[in-house]
Amino acid sequence: MHALIIEDEIMIAAAIEFVLRDCGFDSFDIASSSLAAIAAARRRCPDLITADVKLTAGNGIDAIRTICRDPRIPVIFITGQVAADVRQQVADYPVLTKPFSEQTLTYTVAASLER
C-alpha cells in the first residue's frame, strides 16, 4: 500500500512513516508543501494520506480539498493546532494532535482503512 505524508517537519514525517510501515504500508511520498502534496497525489494515488494543517508553504486542509475529490481516500490530520478548531474545518476526517502516540496513530489508521 502507498501513503502520502504531508508534513514539513522531517522528524515527524519519519515517525509517521515508521508507524505506517508497521501498519502494512510499503511505499511513501513525503511532501512538505501543499503544492508538492498535490503533485505527489497526481503521480500516484495514495491508499492513505496523513496531513499536517500548518505547513511552511501552504496548508494541509487546502491540499486535501484539492486531492480528495474522491472520498474513498482515507485522510488523517496530524496537527499541532487545537484539534477542535481543525475538526470544525474537516469534520469528515479524524484529527490527532501532536505529539501523538504510536498506538493512537495505529488505531486511527486501522479505523480509517475500514471505512
Sequence neighbours left out, what pairs pass salt bridge (Lys or Arg N to Asp or Glu O under 4.0 Å) with at least one residue falling in residues 24-35? none

Identify, with sequence neighbours excluded, every residue that meets side chain to side chain contact (heavy atoms under 4.5 Å, CB included) alongside E9. E7, I12, K98

Are Y107 and V75 joined in one hydrophobic group, where the rule is that I, L, V, M, F, W and Y side chains link up if heavy atoms are under 4.5 Å apart? no

If you compare all heavy atoms of I5 against all heavy atoms of A13, which two are closest, and at what distance to 0.1 Å? CD1-O, 3.9 Å

Considering all heavy atoms, the nearest D52-G80 contact: OD1-N, 4.3 Å

Just by modelled atom types, is the T108 backbone N or O under 3.5 Å from a matching donor or acceptor in the S112 side chain? yes

Counting C-beta onward and ignoring hydrogens, is there a side-chain heavy-atom pair between Y93 and C68 closer than 4.5 Å? yes

Apply side-chain contact (heavy atoms from CB on, under 4.5 Å) to L48 and I73, showing your working. CA-CA 6 Å; L48 175 83; I73 301 172; over 6 Å; no

Which distance, rounded to the nearest 0.5 Å, do you find between the CD of E102 and the OG1 of T104? 10.0 Å

If hydrophobic clusters are built by linking Ile, Leu, Val, Met, Phe, Trp and Tyr wherever their side-chain heavy atoms come under 4.5 Å apart, do L35 and V53 end up in the same one? no

Backbone N or O of H2 within a donor-acceptor pair of the D47 side chain at under 3.5 Å? yes

Any I64 side-chain heavy atom under 4.5 Å of I6 side chain: yes

Rounded distance (nearest 0.5 Å) linking atom CZ of F77 with atom CG of D92: 10.0 Å

Reported OG-to-CZ distance for the pair S34 and R65, which is rounded to 0.5 angstrom: 12.5 Å

Consider side-chain contact (heavy atoms from CB on, under 4.5 Å). Of I78, V19, V109, which one does T50 pass it with? I78

For A36 and A31, the nearest pair of non-hydrogen atoms, with its separation, is C-CB, 3.7 Å

Can you give me every donor-acceptor pair (side chain of residues 54-62, partner residue at least two apart or in another chain, under 3.5 Å) with its distance?
residue, atom, partner, partner atom, Å
T56, OG1, D8, OD2, 2.8
N59, OD1, I61, N, 2.7
N59, OD1, D62, N, 3.1

Side-chain heavy atoms of I67 within contact of L4, under 4.5 Å: yes

Test M1 against L113 for side-chain contact (heavy atoms from CB on, under 4.5 Å), laying out the working first. CA-CA 11 Å; M1 290 190 296; L113 292 175; 4.2 Å; yes

Output for pair (F100 CZ, T79 OG1), nearest 0.5 Å, gives 12.0 Å

Report yes if the side chains of E17 and F25 come closer than 4.5 Å at any heavy-atom pair, otherwise no. no

